Peer 1: 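Here's a structure for you.
Naming: A, B, ... by sequence-line order, numbering from 1 per chain. This one's a predicted model, so the numbers in the text were calculated from it and none came from an experiment.
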There are 2 protein chains.
Amino acid sequence: MNAPDTGPTTRDRILNAAERLFAQRGYYGVTIRQITREAGVDVALASYYFGPKADLFRAVLERRAEELHGAILASIDAVEKRAGDRPPGVESLIRAFAQPSIDRLVRGGEGWRDYIHMMAGLYSSQQSEFLVAMNDMYTPAMRRVMELIRLSIPTASERSVTLSFYMLLTAVISIYSETVGLERLSNGTIHPTDFDAILDHLAPFFAAGFHRMASV
Amino acid sequence: MNAPDTGPTTRDRILNAAERLFAQRGYYGVTIRQITREAGVDVALASYYFGPKADLFRAVLERRAEELHGAILASIDAVEKRAGDRPPGVESLIRAFAQPSIDRLVRGGEGWRDYIHMMAGLYSSQQSEFLVAMNDMYTPAMRRVMELIRLSIPTASERSVTLSFYMLLTAVISIYSETVGLERLSNGTIHPTDFDAILDHLAPFFAAGFHRMASV
DNA sequence: GCATTTACTCAACGATCGTGTAAATATTTT
DNA sequence: AAAATATTTACACGATCGTTGAGTAAATGC
């Protein structure tokens, strides 16, 4: 068994091509025909496997969601365990939240990079149908981080932690998208792909913000 | 002179419609025919006034850039003057940077709201041609804020201030886009349109971050 | 008044879109 | 091996896309 197979399934070839193109140009910027052309399969196969275009988009979103979300939860659990019976520090929680995505972005291969770019592009779009779907996939992990931050800074109100976390979230996601913004802002001295260095800055930076708003 | 005219110019009607639609669905999500239909004018007039679609998009971007950028610079100058000969505080610089956009977003009418939504959507997109163009329009103001922050926190390295400012920038822009993210994160208790309240949180939050990274 | 420029309409171009359908081929199940 | 199912191909559909060019009406310059 396990004959030398010819690579990914047709279904997966379509998903891979869709992932890459949606990441580059967004939902409306990509046509079914471009996707199937890139995948090297007949146009009709997209409808055959996924139905309408919106369902294909959702399928791409869902394919890797469970693994990434699970990894984030596991990462948070690990930080919790390491902290013993005290609540873990805010900075380590931020790292735990962002690290799994960065790992996959940097070391997970093309597919993961495309997936994360695609999510980052989606998050700041106005297409609330998809946005809400994606948000829901990662809600438990986000809720968990906010809970633990509240335990770590008991004097901070729920509202304050939510607002602060939202700002953290938007910054993290913008970094995932690797836009040219950072490169231009720094005159080319900081590269948007230096994720590890960026996270080393981001974590204490935002942790300070959370603590500053402890009494609000 | 100045006969009772029939409202905006045809040119401006097209720009207004384009602004509104691009803000909602992005560059690829909008067709010239939708724009001209919304504007109530013939399809050919889009090409007549602006040439290809990309040039129309750029025209929308440019129309309000000078005014907003000027207002941001003026806002920074005002804070500087108020501070006398000492460098202004980081928190007031953050407010000065964000306030003009928020003013127009909340109190500038539909056109300004659409324009700012459109910019926010563009910023997190991967369409670097437009993104770079927009970035350049607002570079002087961003440079100025970073300079003044460095004067306010002389021990912070240029690299540190650039990274911190980038995170501020991404958060501010995400807030401008009024996505459903914040509303869902807070279970509906925080409304994405409460810009003044959000800015009251954001300013001290990020100021603390800047100061925390003073020695890096 | 006439000529030229400007503003706009109308119709059409070739290209591409998303999505079906019917037939052909490949694979699996019986 | 036969039957049933799954996959793939080829093709066509009506619709819409961005853009152009020819023609009309109004404003402007002389």
Peer 1: How many Å lie between CZ on A:R13 and P on D:dT7, as a whole number?
Peer 2: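 Between P of D:dT7 and CZ of A:R13: 15 Å.
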Peer 1: Checking B:N16 against B:R63: is there a side-chain donor and acceptor pair closer than 3.5 Å?
Peer 2: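 Per modelled atom types, B:R63 and B:N16 side chains form a pair under 3.5 Å.
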Peer 1: Under 3.5 Å, is there a donor-acceptor pair linking the side chains of B:T31 and A:Y28?
Peer 2: no
Peer 1: Under 4.0 Å from a heavy atom of chain B: give me the 5'-most and 3'-most nucleotides of DNA chain C that qualify.
Peer 2: C:dT6 to C:dA12
Peer 1: Are side-chain heavy atoms of A:M146 and A:R150 found at a separation under 4.5 Å?
Peer 2: no
Peer 1: Identify the heavy atoms of A:M213 and B:P204 that sit nearest to each other, and give their distance.
Peer 2: CE-CG, 3.8 Å
Peer 1: For B:D55 and D:dT20, what is the distance between atoms CG and C1' respectively, to the nearest whole Å?
Peer 2: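 So the two atoms are 16 Å apart, to the nearest Å.
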Peer 1: Without hydrogens or angle criteria, can the side chains of A:S101 and A:Y138 be said to hold a donor-acceptor pair below 3.5 Å?
Peer 2: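 Result is no, nothing qualifies.
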Peer 1: Suppose we screen for ring pair (Phe, Tyr, Trp, His ring centres under 6.0 Å). Which residues come up paired with B:F165, at least two apart in sequence or across chains?
Peer 2: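 Testing B:F165 for ring pair (Phe, Tyr, Trp, His ring centres under 6.0 Å), a comparison that skips the adjacent residues, returns B:F97.
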Peer 1: From OH of B:Y28 over to C1' of D:dC17, roughly how many Å is that when rounded to an integer?
Peer 2: 14 Å
Peer 1: Indicate, with a heavy-atom threshold strictly under 4.0 Å, whether B:R11 touches base, sugar-phosphate, or nothing.
Peer 2: nothing
Peer 1: Return yes if a side-chain donor-acceptor contact under 3.5 Å exists between B:S164 and A:H201, otherwise no.
Peer 2: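 Distance-only check passes for B:S164 and A:H201.
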Peer 1: Looking at DNA chain C, which of residues 38-52 of chain B put a heavy atom within less than 4.0 Å of it?
Peer 2: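 The answer is B:D42, B:A44, B:L45, B:Y48, B:Y49.
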Peer 1: Charged N to carboxylate O under 4.0 angstrom, A:E80 versus A:R144?
Peer 2: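 Between A:R144 and A:E80 there is a salt bridge, with a charged N closer than 4.0 Å to a carboxylate O.
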Peer 1: Within this structure, what is the CD-to-C1' distance between A:Q34 and D:dC17, rounded to whole angstrom?
Peer 2: 13 Å
Peer 1: Would you mind reading off the distance between A:I32 atom CD1 and D:dC13 atom C1', rounded to a whole angstrom?
Peer 2: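 The answer, rounded to whole Å, is 16 Å.
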